[in-house]
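Reviewing the structure listed below.
Quantities reported herein were computed from a predicted structural model and do not represent experimental measurements.
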Amino acid sequence: GIRDRDVTGVQTCALPIYFVPLSLSMYSPNVLAAHPSSNLKTFDDFLKAARANPGKLTYGSPGNGSPGHLSFEILKRLANIDVLHVPYRGAGPAIIDLVAGQIPLGMVAIPGAIGHIRNDKLIGLAVTSATRVKALPNVPTIAEAGVPDYKINAFRSEEHTSELQSHHDLVCRLLLD
């Protein structure tokens, strides 16, 4: 646990510094988007196609380990589907190929896809958040569209090395009190 005692018996905090969040600077769900030529108009269409053709449907993401990749891998597990991952070297190339129809699906950040969805170049099948996104009110959440336990949000935290120890000490004091 986080409570520990030093050699003199004084209670100390054993929380590793690298587990201390400093601040949340961004919170952004992803959107599962389809190219119109894919004939996937709804999230249900996507699930049916994925289940009917295991391992044959592909999706793009900004790269291995990206929020889009991890969000989709969790979706695969929860929905019990097999879809092939096509990793790109960033969101830009993934969205460019998705809009061009080179890949049928993409799990991408909403800011990069929203203009294409609004201009009917992409179809927003579902968002990864627990609630609908105000900017895309007609796009359901994955949970409401058929995978009830799904809720993923990409986030970014800020870290400042010079402040790590003081924040670590503050978090430890709060946890030990």
Under a single-linkage definition using a 4.5 Å side-chain heavy-atom cutoff for Ile, Leu, Val, Met, Phe, Trp and Tyr, are [X] and [Y] assigned to the same hydrophobic cluster?
| X | Y | value |
| --- | --- | --- |
| L78 | M107 | yes |
| L122 | L136 | yes |
| I95 | V86 | yes |
| I123 | L98 | no |
| V108 | Y150 | no |

Check: Which is it for N39 and D45 under the side-chain contact (heavy atoms from CB on, under 4.5 Å) test, yes or no, and what are the steps along the way?
Finding: CA-CA 8 Å; N39 294 319; D45 291 344; over 6 Å; no

Reported [atom1]-to-[atom2] distance for the pair [X] and [Y], which is rounded to 0.5 angstrom:
| X | Y | atom1 | atom2 | answer |
| --- | --- | --- | --- | --- |
| T141 | F43 | OG1 | CZ | 9.0 Å |
| D149 | I142 | CG | CD1 | 12.5 Å |
| I117 | L125 | CD1 | CG | 8.5 Å |
| N119 | I114 | CG | CD1 | 10.5 Å |
| R51 | D82 | CZ | CG | 12.5 Å |
| S61 | E73 | OG | CD | 8.5 Å |

Search all heavy atoms of [X] against all heavy atoms of [Y] and return the closest pair with its distance.
| X | Y | value |
| --- | --- | --- |
| A79 | V147 | CB-CG2, 3.9 Å |
| V31 | A113 | CG1-CB, 3.9 Å |
| L40 | A34 | O-CB, 3.8 Å |
| G68 | P62 | CA-CD, 4.5 Å |
| P29 | S129 | CB-CB, 3.6 Å |
| P104 | L57 | CG-CD1, 4.4 Å |

Neighbour count above 12 (heavy atom, 6.0 Å) for [X] [atom1]:
| X | atom1 | answer |
| --- | --- | --- |
| K48 | NZ | no |
| N53 | CG | yes |
| K76 | NZ | yes |

Notebook entry, point to check: Does a donor on one side chain sit under 3.5 Å from an acceptor on the other, for T128 and N30?
Noted result: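 No, no side-chain donor-acceptor pair sits under 3.5 Å.
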
Is it the case that the side chain of [X] and the backbone of [Y] share a donor-acceptor pair, with hydrogens and angles ignored and the cut-off at 3.5 Å?
| X | Y | result |
| --- | --- | --- |
| H35 | V99 | yes |
| K41 | P36 | yes |
| Y88 | I96 | no |

Notebook entry, point to check: For the ring pair Y59 and H85, is the centre-to-centre distance below 6.0 Å?
Noted result: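 Aromatic pair counts; centres sit under 6.0 Å.
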
Next item on the list: Any chance you could lay out the side-chain contact (heavy atoms from CB on, under 4.5 Å) test for S38 and F46, step after step, and finish with the verdict?
Entry: CA-CA 9 Å; S38 71; F46 155 71; over 6 Å; no

